[in-house]
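All remarks here apply to the structure that follows.
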Amino acid sequence: MNFISSKEIRESFLKFFESKNHTIVPSSPVVPFEDQTLLFANAGMNQFKDVFLGLGTREYKRAADTQKCIRAGGKHNDLEEVGVDGYHHTFFEMLGNWSFGDYYKKEAIAWAWELLTEVWKLPKDRLWATVYKSDEEALNLWKTETDINHSHILKFGEKDNFWEMGETGPCGPCSEIHVDLTDNGCKPEDVNAGLEDVIEIWNLVFIQYNRDEKGELHPLPMKHVDTGMGLERVVRVLNKKKSNYDTDLFTPILDKIGKITGKKYEGEYISPFNAIADHIRALTFAISDGAIPSNEGRGYVLRRILRRALRLARKLDYNEPMLHELVDTVVTNFGGVFPEIRDKKDFVKNVIKAEEDSFNLTLDRGIEHFQNVYERIKNNSDKVFPGEDAFKLYDTYGFPVDLTQVMARENGFEVDMKKFDEEMKKQKDRARAARKDEVILADTKMFELDEKLKAENPVYNPYNLSEKGIKTTLLQAKRIAGSDLEVLVLKDNPFYSESGGQVSDTGKLVFADGYELEVIDVKNNHFIYVKNYDHRNLFRKEVTAFVDYKRRRAIQRNHSATHLLHEALREVLGNHVKQMGSLVSDEYLRFDFPHFKKLSAEEIRKIEEIVNDKISGNIKVDTLEDLPLEEANNIPNVKKFFGDKYGSRVRIVRMDENFSAEFCGGTHVASTGDIGLFKIVKEESISSGVRRIFARTGEGIIRLIEERINDIESIVSELPEKYSSKFKEALEKIRDGVKSADYTDASMMKLMLEHQSNTIKSLNEIREKFIEEKKQQQKKMLKQNIGRHIEQIKSIIDSSETVNGSTVAAGRLDIQTSDEFKEIVDEIRKALKNGVALFAAVIDGKINLVCAVSDNLIKEKGLSAGKLISETAKELGGGGGGRPQLATAGARNVEGIDASLANFVSNLKLKL
RNA sequence: GGGGAUAUAGCUCAGCUGGUAGAGCGUCUGAAUGGCAUUCAGAAGGUCAGGGGUUCGACUCCCCUUAUCUCCA
């Protein structure tokens with residue numbers, strides 16, 4: 001058989017199913033932001049999960065695709081295995097075809113056979129089929145629909161041939177196709193035996209049951225087909241290679257690794273080469289789809305993959321960052337099928353380079369810690385590097401244990417790996433135990449419409465808002481146990497319910513008899529929270545619902561501004577910018593997106609300029625209601641949100657056809673001019689690689705100005721009169737200006753903000769100058785005072801008695817602050833050549849004591865300042881200590897000072 | 001979600017069982033040299049991350065918060 005490229009194989013698969021009336025769909029992102037239960041896309045069916053669960057539908061009944069998948073860390077794949085053999089991967093492509101309630105086993109089996117044997121020309125006598133032990137239907141179809149050797153159809157049990165999505169949910173029997181690559185042909189018992197030469201290449205799953213909580217199976221009204229075939233494996237089989245890495249999916253990357261490191265792809269180098277080639281594919285695809293290496297969740301999986309690749313690069317004697325250099329090769333080879341990696345190329349390289357640098361830093365720190373441990377143990381005769389220390393290096397400082405082993409061996413030591421593994425097990429047990437304690441509190445049933453309510457057809461329509469309110473009736477009222485909150489359901493609900501980052505509306509309900517209830521929150525479209533409901537019977541009573549109109553309009557300004565900001569960010573920073581989180585309230589808007597460095601002042605200025613230009617253009621905001629999903633997807637540059645699921649019909653909000661279009665269920669201004677001024681007030685990092693922007697619009701700008709005035713006032717109030725007077729005047733003017741300001745006048749707002757910024761700037765300069773002046777003054781004072789104290793100390797010492805040639809000095813010092821007291825402590829020893837001195841000072845009503853003893857007396861008489869001072873301190877109701885030369889203490893009994901000082905002198909005389 | 005670690009001068013970090021906050025590099029000043037590299041002498045520079053507690057006294061011990069690093073899930 002001649003060489004067939006991976007590109008041809010991928011294309012022929014899709015073409016084959018297209019000819020069988022399948023819709024070819026793009027791969028879903030490998031990073032499933034909308035599915036919290038899944039770290040990475042790990043099978044082709046992920047994007048159709050909602051269909052199988054009966055929650056969603058598609059425009060088509062047959063589909064085929066090649067799906068980007070990542071399996072790392074979980075049950076399916078141990079990261080440490082990748083590269084060692086020829087068929088484990090972190091990243092791979094899964095070819096698949098699906099039927100949603102359309103064709104079933106017969107076609108699935110016939111077509112699979114046709115593709116494998118007629119299109120790809122695999123020898124029929126080398127193929128084996130397996131079916132679920134009781135699935136006679138599939139067994140017979142293999143016999144009637146294909147010309148497979150009947151002795152090559154085998155039955156297996158649950159483990160191999162029954163597929164389940166989870167503990168409950170859709171499931172069914174499957175039928176696998178295995179290929180025999182042995183030299184002389186295999187026997188039936190070799191299938192599913194884990195042999196390298198007899199491998200499964202295609203799994204056909206027939207979803208026909210739903211498993212309930214009791215574990216019982218119920219037939220599904222709609223039966224589905226879900227198949228999966230690993231591209232890497234197929235390419236290897238069709239090209240008769242021993243290893244997946246010997247295919248054109250990997251060889252260009254392996255060549256590039258060889259070029260960079262100068263090593264040949266042979267012998268002990270094969271496994272690191274393979275692993276690096278595998279890992280760079282995973283990293284490139286995952287980062288392109290929006291994941292970023294970090295210390296938790298999927299980001300952490302990426303970090304581990306990247307660090308493993310770097311560790312293995314060291315086995316190729318290459319210690320420099322090199323992974324980012326491989327991105328180009330990946331993009332050249334896969335950018336045609338997956339254009340997203342081409343678009344994000346530079347971003348991916350930057351992220352990888354940054355992470356490589358950060359790992360090098362971690363390694364440097366780890367080496368230091370290794371040295372510390374080694375210094376401690378180097379003279380040990382057993383030459384064992386303790387497992388606890390190796391674990392600590394790994395656990396706390398991220399230093400890979402294999403590097404510890406290498407470094408230990410270089411010094412003739414061996415790491416105690418048994419102990420290391422024990423520590424690791426403890427760590428895992430801890431994490432697992434903590435997981436069990438989790439309690440799920442969410443009472444979701446509270447916010448679902450029951451059958452009775454559904455029959456009433458309650459309407460959720462927050463879009464056509466009027467200040468006059470809307471008349472409707474009350475369908476339900478339920479108290480939340482243990483609270484003063486009541487949950488109401490209206491026939492028509494005009495209150496927006498939190499979604500897509502936009503906060504819920506507030507407002508009030510007014511009943512015909514004048515009874516009013518305040519609306520404080522809305523959940524799941526229909527459920528309205530009110531406070532202090534007095535339990536009168538309101539069932540089916542007429543009510544007028546008033547949304548807090550002013551607040552809603554402020555929210556809408558921020559929401560529309562968020563859309564403009566999103567597109568402006570993409571224009572200024574690049575198209576890797578995606579919404580990772582968003583909050584739209586009446587006060588401000590918040591927007592999170594992936595970006596690897598701080599935004600510069602210039603970038604922020606540009607972004608604001610673009611948004612404000614669009615505002616001053618007063619562009620009409622279009623809402624396309626109830627658009628078919630497919631049509632919506634075709635809108636150029638349309639943005640979807642993570643965290644939202646879309647049905648077959650969607651809502652699009654568009655501002656300027658060439659600028660911004662987003663899937664969005666939120667409410668917006670009529671035209672952009674209503675927004676007023678847009679101003680970014682803060683830009684920060686919330687985790688590595690993720691930035692957060694806070695911005696304000698419209699009335700929020702006025703609030704911003706007012707907040708700033710308060711800031712300025714508090715600064716001014718700290719300043720002395722000579723600096724503050726002119727600012728006080730300016731403040732009054734601004735306050736007056738704000739009162740009469742019109743927030744829709746964007747240029748006026750802009751002027752006010754600029755003027756204010758300048759004021760704050762010059763104010764801060766003056767403040768710093770003032771603080772510096774004050775500080776210098778205090779220092780000068782301190783010096784002067786200390787000079788005085790030293791004089792006092794000297795005079796006390798000079799006028800003290802001497803006993804046997806040694807001075808015995810004691811006295812009170814006139815010191816007010818503990819700073820000054822600290823400063824004079826070592827001056828005492830300087831002034832005291834031969835003798836003992838004890839000084840006391842009362843600071844803040846407490847006694848501070850210091851005692852000094854000259855060196856000769858410590859040696860000759862065994863005196864200790866620490867002991868002496870603690871005796872005196874005890875007398876005075878305190879304690880203290882220190883070294884023999886010098887000690888300090890504190891006490892409370894101020895009246896006793898003079899007596900204790902006298903006592904001290906007379907006691908000492910006896911000792912000298 | 002759970003565990004470990006770190007936060008001290010502009011930078012890199014010491015600081016023991018509570019009792020005088022330090023080093024190296026950098027900065028500034030001065031000296032040596034025709035200039036630079038360099039050498040020597042001196043100086044400035046600290047809310048010991050923030051907040052609470054224990055204590056006569058906390059950089060040090062305890063608790064909380066924040067930020068960063070790291071491992072496990």
Side-chain angles (χ1 to χ4, degrees), chain A residues 36-37 39 72-75 79 293-301 303-304 307 355 358-366 368-369 372 388-401 420-421 423-440 684-688 771-772 775-776 778-779 783 786 818-830 840-852 864-894 896-897 900:
Chain A
Q36 293 301 319
T37 63
L39 276 180
K75 279 178 212 156
L79 184 58
S294 72
N295 55 358
E296 54 189 18
R298 22 178 102 95
Y300 181 58
V301 175
R303 172 166 287 173
R304 266 174 43 186
R307 292 188 171 186
E355 185 65 20
S358 123
F359 184 52
N360 277 332
L361 211 68
T362 300
L363 288 184
D364 288 344
R365 275 194 291 255
E368 292 245 340
H369 283 105
N372 288 342
E388 291 94 331
D389 287 302
F391 182 76
K392 185 158 176 141
L393 274 166
Y394 170 72
D395 185 49
T396 301
Y397 302 107
F399 197 67
V401 69
F420 178 89
D421 291 336
E423 293 288 327
M424 180 65 101
K425 191 171 173 303
K426 273 191 219 160
Q427 153 98 315
K428 286 187 175 171
D429 290 344
R430 259 200 308 274
R432 215 164 284 142
R435 209 162 174 77
K436 274 183 196 155
D437 291 343
E438 262 175 57
V439 186
I440 299 157
E684 63 183 11
S685 159
I686 50 165
S687 72
S688 70
I771 289 173
E772 186 59 24
K775 217 164 130 185
Q776 290 305 331
Q778 278 174 349
K779 281 224 162 127
K783 266 195 180 159
I786 286 165
S818 54
D819 277 347
E820 286 175 31
F821 191 80
K822 273 184 190 166
E823 288 294 324
I824 55 104
V825 163
D826 70 333
E827 298 296 335
I828 295 170
R829 254 177 78 78
K830 281 184 199 162
V842 179
I843 299 167
D844 294 334
K846 283 188 208 165
I847 307 166
N848 284 51
L849 294 166
V850 56
C851 176
S864 161
K867 277 182 192 158
L868 292 172
I869 202 163
S870 79
E871 281 168 27
T872 307
K874 260 179 210 155
E875 274 181 37
L876 291 168
R883 292 172 304 164
Q885 293 85 0
L886 193 69
T888 57
R892 288 192 190 278
N893 182 8
V894 178
I897 291 180
S900 287

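Per chain, numbering begins at 1; letters A, B, ... match sequence-line order. The structure presented is a predicted model; accordingly, all values stated were derived computationally and were not measured.
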task = Would you please confirm or rule out a distance under 4.0 Å between OP1 or OP2 of B:rC71 and any side-chain N or O of A:Arg304?
result = no

C1' spacing across the pair B:rU47 / B:rU33, given as an integer number of angstrom = 44 Å

request  = Mind calculating the distance between CG (A:Leu886) and P (B:rA21) to the nearest angstrom?
outcome  = 10 Å

query = When the distance from CE of A:Met424 to C1' of B:rU70 is rounded to whole Å, what number comes out?
reply = 12 Å

query = Pick the nucleotide of RNA chain B nearest each of A:Gly398 and A:His369; which residue has the one closer to the 5' end?
reply = A:His369

ask   = A:Ala873 and A:Gly890: which non-hydrogen atoms are nearest, and at how many Å?
value = CB-O, 4.2 Å

message = If you go through the side-chain atoms of A:Asp395, does one of them form a donor-acceptor pair with the base of B:rG3 closer than 3.5 Å?
response = yes

ask   = When you compare B:rG19 with B:rC59, how far apart are their C1' atoms, in angstrom units rounded to a whole number?
value = 13 Å

ask   = Between B:rG4 atom P and A:Phe420 atom CZ, what is the distance in whole Å?
value = 17 Å

Heavy-atom pair of closest approach, residues A:Leu876 and A:Ser900 = CD2-OG, 3.4 Å

ask   = Which listed nucleotide (B:rC56, B:rG19, B:rU70) is nearest to the side chain of A:Thr888?
value = B:rG19

task = Map A:Arg892 and A:Ala887 onto RNA chain B by nearest heavy atom, then report which one ends up closer to the 5' terminus.
result = A:Ala887

ask   = Taking all atoms of both residues into account, what is the closest heavy-atom pair of A:Val401 and A:Ala390, and its distance?
value = CG2-CB, 4.5 Å

task = Go through A:Lys874 and A:Glu871 one step at a time and tell me if the salt bridge (Lys or Arg N to Asp or Glu O under 4.0 Å) criterion holds.
result = CA-CA 5 Å; A:Lys874 260 179 210 155; A:Glu871 281 168 27; over 6 Å; no

note = Rounded to whole Å, the NZ-C1' distance (A:Lys426 to B:rC71) equals 15 Å

task = Could you list the residues that satisfy side-chain contact (heavy atoms from CB on, under 4.5 Å) with A:Ala852, not counting sequence neighbours?
result = A:Ile828, A:Arg829, A:Leu832, A:Leu886

Heavy-atom pair with the smallest gap, counting every atom of A:Pro400 and A:Leu363 = CD-CD2, 3.7 Å

inquiry  = Taking only the C1' atom of each, what is the distance from B:rG24 to B:rU66 in whole angstrom?
reply    = 30 Å

request  = Check every atom of B:rC71, B:rA73, B:rG4 against the side chain of A:Arg303 and return the nucleotide holding the closest atom.
outcome  = B:rC71

ask   = With rounding to whole Å, what would you report as the distance between B:rC48 and B:rC61 at their P atoms?
value = 16 Å

key: Nearest-angstrom distance, C1' atom, B:rA14 to B:rG4   = 23 Å

remark   = Checking B:rA5, B:rU70, B:rC56 against the side chain of A:Thr396 (C-beta onward), the nearest is B:rA5

query = Pairs counted as Watson-Crick or G-U wobble with both distances under 3.5 Å: what dot-bracket string results for RNA chain B, using | for bases tied to another strand?
reply = (((((((..((((.....[..)))).((((((.....)))))).....(((((..]....)))))))))))).

ask   = Is any NZ, NE, NH1 or NH2 atom of the basic residue among A:Asp429 and A:Lys425 found under 4.0 Å from an Asp or Glu carboxylate oxygen of the other?
value = yes

key: Separation between the P atoms of B:rG53 and B:rG57, rounded to whole Å   = 12 Å

note = Between CZ of A:Phe391 and C1' of B:rA5 the distance, given in whole Å, is 13 Å

task = Let me know the distance between CG of A:Leu361 and P of B:rC13, rounded to the nearest Å.
result = 9 Å

inquiry  = Using whole Å, what does the distance between atom P of nucleotide B:rC56 and atom CD1 of A:Ile847 come to?
reply    = 13 Å

inquiry  = Once you measure the plane-to-plane angle for A:Phe391 and A:Phe420, does it fall in the parallel (<30°), tilted (30-60°) or perpendicular (>60°) bin?
reply    = perpendicular

remark   = Out of B:rA73, B:rG2, B:rU70, minimum distance to the side chain of A:Gln427 belongs to B:rG2

Interatomic distance where CD belongs to A:Glu871 and P belongs to B:rC56 [whole Å] = 19 Å

key: Distance between P atoms of B:rA9 and B:rA23 (Å, rounded)   = 14 Å

note = Winner on side-chain proximity to A:Lys846, out of B:rC69, B:rC56, B:rA5, is B:rC56

task = Run the salt-bridge test on A:Glu368 and A:Arg365 with the 4.0 Å N-O cut-off and return the result as yes or no.
result = no

request  = Return the nearest nucleotide to the side chain of A:Ser358; candidates are B:rU70, B:rG4, B:rC71.
outcome  = B:rU70

query = Taking the P atom of each, how far is B:rG10 from B:rA5, in whole Å?
reply = 27 Å

